[in-house]
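Below: the structure, in structure tokens.
Basis for what follows: all heavy atoms, side chains included, without hydrogens, waters or symmetry-related copies. Per chain, numbering begins at 1; letters A, B, ... match sequence-line order.
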Protein chains: 2
Amino acid sequence: MQPDVFDPNCGSREVLNLIAGKWSALILYALQGRTLRHAELQRTIGGISQKMLTQALRTLEADGIIQRVALPVVPPHVEYSLTPLGESLSPLLTEVCRWAQDNLTDVQAARTVHAPG
Amino acid sequence: MQPDVFDPNCGSREVLNLIAGKWSALILYALQGRTLRHAELQRTIGGISQKMLTQALRTLEADGIIQRVALPVVPPHVEYSLTPLGESLSPLLTEVCRWAQDNLTDVQAARTVHAPG
DNA sequence: CAGAATCCCCAAGGATACTG
DNA sequence: CAGTATCCTTGGGGATTCTG
């Protein structure tokens with residue numbers, strides 16, 4: 001039996017929801033091919049709160065998507081990067097982010113047509 | 001100035017959030033290359049409520065992603081399909097759904113390692 | 001700097017009932 | 001069949017404060 005995202009009881013549905021989170025795609029996009037620290041991530045991703053960033057990072061780490069490395073120094077120095085599993089997912093979400101940017105105009109035009117007045 | 005999903009004030013962020021909705025990816029996945037009626041969509045996507053399906057369809061329609069065709073018959077017959085814009089987005093989300101299915105095992109393994117006991 | 005903890009609010013979303 | 005309307009609950013998520 002293959003995993004099936006159309007099946008609400010299949011684990012792949014959770015995985016999909018993890019990805020569908022408001023911030024996951026942006027975090028993966030930001031970590032594409034580079035390592036960033038907590039503060040750098042927050043600065044890169046405009047509008048994300050510290051709480052949500054931490055929470056998303058924890059979840060993504062638990063799911064094996066990103067790797068967290070804490071250097072034992074004072075003040076703390078924590079680096080986040082993609083795992084191989086994350087590297088395989090990142091390009092897909094990057095594509096989606098790019099699509100959002102590239103097709104913004106078309107979407108806005110559709111909205112105008114659809115909601116006249 | 002290019003659209004930038006990292007900018008919280010850029011419209012592309014909304015577009016991304018539209019995609020990031022809990023059901024959008026599944027709906028686009030389900031409509032990949034075919035036309036489905038309301039009830040068929042609900043049957044295909046396990047676990048979605050009628051309310052959420054209708055709501056998501058309305059939003060996707062307003063954003064020019066899907067097309068709604070209501071045949072003037074009794075009882076009502078309404079068909080949903082992708083617009084050209086939707087056709088350009090669908091493959092990307094389909095990839096993400098497939099990734100969720102294909103990498104379910106790895107994610108579950110990572111969770112087990114990460115949360116021992 | 002990284003993040004844990006707390007408070008609080010609103011929107012997502014489910015369940016149910018009703019309509020053309 | 002394809003919705004709309006209503007009620008209600010959950011938790012997503014922001015703001016703020018505190019700590020090693």
Side-chain angles (χ1 to χ4, degrees), chain A residues 5-9 13-27 30-31 34-63 66-81 114-115, chain B residues 5-9 13-27 30-31 34-63 66-81 114-115:
Chain A
V5 287
F6 287 137
D7 177 1
N9 299 319
R13 178 65 72 83
E14 293 178 45
V15 177
L16 183 61
N17 286 343
L18 144 80
I19 297 165
K22 191 177 179 182
W23 302 111
S24 306
L26 288 171
I27 291 173
L31 287 178
R34 60 179 174 177
T35 296
L36 290 178
R37 301 179 59 179
H38 187 101
E40 291 171 333
L41 268 171
Q42 192 169 3
R43 235 175 295 121
T44 302
I45 305 171
I48 192 171
S49 67
Q50 178 266 320
K51 175 186 166 183
M52 282 301 101
L53 177 57
T54 298
Q55 182 175 302
L57 288 171
R58 289 289 174 280
T59 306
L60 290 169
E61 185 194 3
D63 288 354
I66 67 173
Q67 189 185 14
R68 178 181 183 273
V69 176
L71 304 180
V73 296
V74 177
H77 184 112
V78 181
E79 298 185 335
Y80 294 95
S81 57
H114 190 265
Chain B
V5 287
F6 287 137
D7 177 1
N9 299 318
R13 178 65 72 84
E14 293 177 45
V15 176
L16 183 60
N17 286 342
L18 144 80
I19 296 165
K22 191 177 179 182
W23 302 111
S24 306
L26 288 171
I27 292 173
L31 287 179
R34 60 180 175 176
T35 296
L36 290 178
R37 301 178 60 178
H38 187 100
E40 291 171 332
L41 267 171
Q42 192 168 4
R43 235 175 296 123
T44 301
I45 305 170
I48 192 172
S49 66
Q50 181 270 324
K51 175 186 165 185
M52 282 300 101
L53 178 56
T54 299
Q55 183 175 302
L57 288 171
R58 290 289 174 281
T59 305
L60 291 170
E61 185 194 4
D63 288 354
I66 66 173
Q67 189 185 14
R68 177 181 184 274
V69 176
L71 305 180
V73 296
V74 176
H77 184 112
V78 181
E79 297 184 336
Y80 293 95
S81 57
H114 191 266

Would a 4.5 Å heavy-atom cut-off, applied to side chains only, mark B:L57 and B:L41 as touching?
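B:L57 reaches B:L41 side chain to side chain.
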
So does [X] get a side-chain nitrogen or oxygen closer than 4.0 Å to the phosphate oxygens (OP1/OP2) of [N]?
X     : N     : answer
B:R43 : D:dA2 : no
B:R68 : D:dA2 : no
B:Y80 : D:dC1 : no
B:R37 : D:dC1 : no

Can you find a donor-acceptor N/O pair under 3.5 angstrom joining the side chain of A:Q50 to the base of D:dA15?
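No pair found.
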
In this structure, how many angstroms lie between the P atom of D:dT16 and the CD atom of A:Q42, rounded?
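Those two atoms, CD and P, are 14 Å apart.
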
How close or far is atom C1' of D:dA15 from atom CD of A:Q55, stated in whole angstroms?
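Going from A:Q55 (CD) to D:dA15 (C1'), I get 15 Å.
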
Once you round to the nearest 0.5 Å, how far does CG of A:D7 lie from CD1 of B:I45?
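The distance works out to 13.0 Å.
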
Any idea which of [options] is nearest the [X] side chain?
X     : options               : result
B:K51 : D:dG20, C:dG13, D:dA2 : C:dG13
B:T54 : C:dG13, D:dT4, C:dG3  : D:dT4
B:S49 : D:dA2, C:dA2, C:dG14  : C:dG14
B:V78 : D:dG3, C:dG13, C:dA2  : D:dG3
A:W23 : D:dG14, C:dA2, C:dG13 : D:dG14

Quick one: do B:Q50 and B:T54 satisfy side chain to side chain donor-acceptor pair (under 3.5 Å)? Show the steps, please.
CA-CA 6 Å; B:Q50 181 270 324; B:T54 299; 2.9 Å; yes

Could you tell me whether B:K22 contacts a base, only the sugar-phosphate backbone, or nothing, with contacts defined as non-hydrogen atoms closer than 4.0 Å?
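B:K22: backbone/sugar contact only, no base atoms under 4.0 Å.
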
Does B:H77 or A:M52 map to a spot on DNA chain D nearer the 5' end, using the closest nucleotide for each?
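The residue mapped nearer the 5' terminus is B:H77.
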
